[in-house]
Amino acid sequence: MSNENQTPAKKLTLKENYALMTRDLGWETSYQPMDEVFRYLKFEGIKIHDWEKWEDPFRLTMDAYWKYQGEKERKLYAIMDAFQQNNGQFNVTDVRYIQALKVFIQGFSLIEYTSHRGFNIMSRELAGVGPRIAAEMQALDELRHTQTQIHTLSQYNRYFAGMEEFPYMFDRTWYLSIPKSFFEDAVTGGPFEFIVAISFALEYLLTNLVFMPWMSGAAYNGDMATVTFGFSAQSDEARHMTLGLEIVKFLLEQDPANVPLVQKWIDKWFWRGYRVLALVSAMMDYMLPKRVMPWCEAFEIYFEQNGGALFADLARYGIRMPKHYEVAIKEKGRISHELWSIFYQYRDAAGFHPWLPSEEEMDWFSEKYPDTFDKLYRPRYEYWRQLEKEGRPFINSNLPQLCQICQWPMLFSEPDDPTQTCYRETEYKEEKFHFCSDGCKDIFCDEPEKYVNAWLPVHQIYQGNCLLEGVDPTAPGFNPLAEALKYMGIKPGIDGGSLSASADAHNWEAWTGRPHNSHEGMVTEPAAKAA
Amino acid sequence: MNATSSQPVFIALQTNNDTLSLIEAILFDNPQATLEEYPAMVRIVAPGRLVVRRESVEERIGRSFDLREIQLNTISIAGEVDETEDEFTLCWKL
Amino acid sequence: MSTIAITPDYHGEMKDSVENFNGNQVLNIGWDQHMLFAAPICIPVPPQMPFGALVKEVLPSLYGAHPDFAKIQWDDVEWLSSGAAFKPDHAKSLAENGLVHKAVLRFRTPGLTGIKGSYN
């Protein structure tokens, strides 16, 4: 047969091409009823009448996906090669910045992996072809993020402490139960709760705070490898956020009965996500030696303005701002300082080296946090600096009370009184449960059956569950806290403890000839030049 | 659904050789937009609506351009997306 | 409300029941308006411990490092249990004073306002 006389087929439009390459991949099953194939779509109470009403905002087909992701990877790996070949790890501002990378690899990289698993479940369980393909792409993205983060930071791991055991630590270390429990909470929800939680509440509302000001800060501090994986990951994030907004609109348009469920999940997961990302507030304000913007300002831009615009848009469906958002706004001037104080006083139990802000940094805080810093935090830090100078640094060697939901120590202050710890509690089945906030308490009271099961590190230590095999708690001289740290993968004095005494600081100065803390000067004597 | 609100939308882009002309084209096509510059990135904010036009980008880079290429260098967006061969639009619907 | 789950009547394990603490119970302790200690402290205690022993033997090891601690007039201290004012009997045990497993015991020290009056 000859095609010579036929005119070439008209080039498909983007939308037609997309329809053929996605929607047409789905079918109505005949050997099994659709309800048996997609078994988890009904129990949460969400009603979907027509999956075909799903609008795909990014008309990205799988072939284009591979093409563009491949390009992103080539760019990223070219930069990683250059970074490694040029000893880029020594070109960052100082060794304080590297402590932030430890927090990143310990706390973030494996939640990306959990997210990968979550989106694999979505790509199996959602009955619509459009959302299934979007979820499949996101599952691949999240896996890519984990891999590229590990790969990038492996160069730092060759030179600095605290990174080598990150997967082991993620499952055991006290403060890493915060991100771990967050994602496990999400992934054990039903498919609709998971996708609202992660795609909408986390990705759309909150991840800008991680990837925009913080990664821009990484660039500013000379870390070309991290900023590159950060931005490379974030270029996927724009697609994820759009999926989040689309799924919420789709659910709201499908049935009015979905509105209260979606609102409930937005309330819950905004608060859960906000509490997890509190970690970023400390990373931004304290761990970037050169600063781009303070947390309070980033929060105003990316949550108050941007979130405000989003919720103004969703108001037409009867959706309002997430419950307790006003508490988050009240906390913006305090949260980074409250967190850093926790890490500083528990530095011996941390997997990185906290330090006290310098005079110069305190002046910056006074300027950026005029309502809170001089009144509340400067006296604290000046006192601690004085004690360090006197050679008797402040330390808290007793374990903190934890919040049952977010699992942070109860470090947050009353919304209207920054001088007083916020305590909330409830009783369930004749047992007391404690929370850092009304936000966390509401979440518990709505689903106590789920959250009684929380693995709270402090309680686990006291129950004797945080011991390496062979350790005998009845042996003479048994030290439960020292043994718990070993169990958690933290080598005392190597992974944690004060920065100026650390091997990281001493090595940094020996290897670069520059101070470990550019605001405070050298801790080591200038090395006698080998003759 | 043509009406849009004036709530801000934005696109944040990496600053690199690929995005020089892209940023220029966006600013040309969206006179109401403002450019915020940060280390390694920019954020372009506009009231209600922001459009990236394929033709404007192509005029500046001197080759054909598939709008999906902007995903390579996009850091973040705000607003609802509408994408055709010719225009990538961010807006808030009323 | 309750959890909506695939499994009917799903209920998680009560992870922190008192039986799991080897004869101890958990007590959370906080010193109001003293934020230098950045969170309340959680300790395991025998329920039979006299309240007086908690004050004399345990609290100094938790909060003794604070310069206000030595100035505390213990007779003037205001105690709270689960947020409500209460008058402990120092001779009686924690349990007899109604401090159950996972109780929150707070104390207020009027007149002591922390480092340079900053409530730290």
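So that the names make sense, note that chain A is the first sequence line, chain B the second, and so on, each numbered from 1. Keep in mind the model is a prediction, meaning the values are calculated, not measured.
Residue A:Q404 touches chain C through its side chain alone, counting heavy-atom pairs closer than 4.5 Å. The contact between C:S61 and chain A is made entirely by backbone atoms, counting heavy-atom distances below 4.5 Å. With a threshold of 4.5 angstrom between heavy atoms, A:W408 does not approach chain C through any atom at all. Heavy atoms closer than 4.5 Å to chain C are found in the side chain of A:Q460, but not in its backbone.
Panel note: side chain C:D16, backbone A:H459; no donor-acceptor pair is recorded below 3.5 Å. Judged by distance alone, the side chain of A:Q420 and the main-chain N or O of C:Q33 form a donor-acceptor pair under 3.5 Å. Counting only distance, with no hydrogens or angles, the side chain of A:E431 and the backbone of C:H101 share no donor-acceptor pair below 3.5 Å. C:K15 contributes no side-chain N or O that, together with a main-chain N or O of A:W455, makes up a donor-acceptor pair within less than 3.5 Å. The backbone N or O of A:V452 lies less than 3.5 Å from no partner atom in the side chain of C:H11, so there is not a single donor-acceptor pair. At least one donor-acceptor pair closer than 3.5 Å links the side chain of A:E449 to the backbone N or O of C:T3. Here the side chain of A:Y423 pairs no donor or acceptor atom with the backbone of C:V104 at under 3.5 angstrom.
Across A:Y428, A:Y451, A:Y346, the residue that shares the most heavy-atom pairs under 4.5 angstrom with chain C is A:Y428. The residue among C:V26, C:V18, C:I6 with the most heavy atom pairs within less than 4.5 Å of chain A is C:I6. In terms of heavy-atom pairs under 4.5 Å with chain A, the best-connected choice from C:A103, C:S82, C:G30 is C:S82. Ranking A:R39, A:K429, A:R378 against chain C, the residue ahead of the rest is A:K429, based on heavy-atom pairs under 4.5 Å. Interface remark: of the candidates A:G464, A:P409, A:A454, A:G190, A:A454 forms the most heavy-atom pairs closer than 4.5 Å to chain C. The choice from C:R106, C:H34, C:H66 that makes the most heavy-atom pairs within less than 4.5 Å of chain A is C:R106. Chosen from A:N465, A:L376, A:V458, the residue pairing most often with chain C at heavy-atom distances under 4.5 Å is A:L376. In terms of heavy-atom pairs under 4.5 angstrom with chain A, the leader among C:A5, C:A65, C:G117 is C:A5.
Within 6.0 Å of the CG atom in A:N479, the count of heavy atoms belonging to other residues, nucleotides or ligands exceeds 12. By the 6.0 Å contact criterion, CD on A:E430 is open, its count of non-hydrogen atoms from other residues, nucleotides or ligands being 12 or less.
For C:A39 against A:I342, the heavy-atom pair with the smallest separation is CB-CD1, 3.8 Å. When all heavy atoms are compared, the tightest approach of A:S413 to C:M35 is CB-CE, 3.9 Å. A:M410 and C:P40 get closest at one heavy-atom pair: O-CD, 3.2 Å. Across all non-hydrogen atoms, the minimal contact from A:N453 to C:G12 is CB-CA, 4.1 Å.
Side-chain atoms of C:N22 and A:Q463 form no donor-acceptor pair, as typed in the model, at a separation below 3.5 Å. Looking only at atom types and distance, the side chain of C:S118 has no donor-acceptor partner in the side chain of A:K375 under 3.5 Å away. Side chains of A:E447 and C:S2: a donor-acceptor N/O pair is absent below 3.5 angstrom, by distance only.
In this structure, the separation between CD1 on A:I46 and CD1 on C:I4 is 9.5 Å, given to the nearest 0.5 Å. Atom OG of A:S341 and atom CG of C:N120 lie 7.5 Å apart (nearest 0.5 Å). Rounded to the nearest 0.5 angstrom, C:Y63 OH and A:N396 CG are separated by 8.0 Å. Here the OH-NZ distance, from A:Y383 to C:K116, works out to 11.0 Å after rounding to the nearest 0.5 Å.
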For the pair C:I41 and A:Q401, evaluate side-chain contact (heavy atoms from CB on, under 4.5 Å) and give the outcome as yes or no after the intermediate values.
CA-CA 5 Å; C:I41 289 168; A:Q401 181 190 358; over 6 Å; no
After noting the C-alpha distance and the side-chain angles of C:N24 and A:Y462, does the key distance pass the side-chain contact (heavy atoms from CB on, under 4.5 Å) rule?
CA-CA 9 Å; C:N24 284 326; A:Y462 290 150; over 6 Å; no
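At least one test fails for A:K450 against the ring of C:Y10: distance under 6.0 Å to the centre or angle within 45° of the axis.
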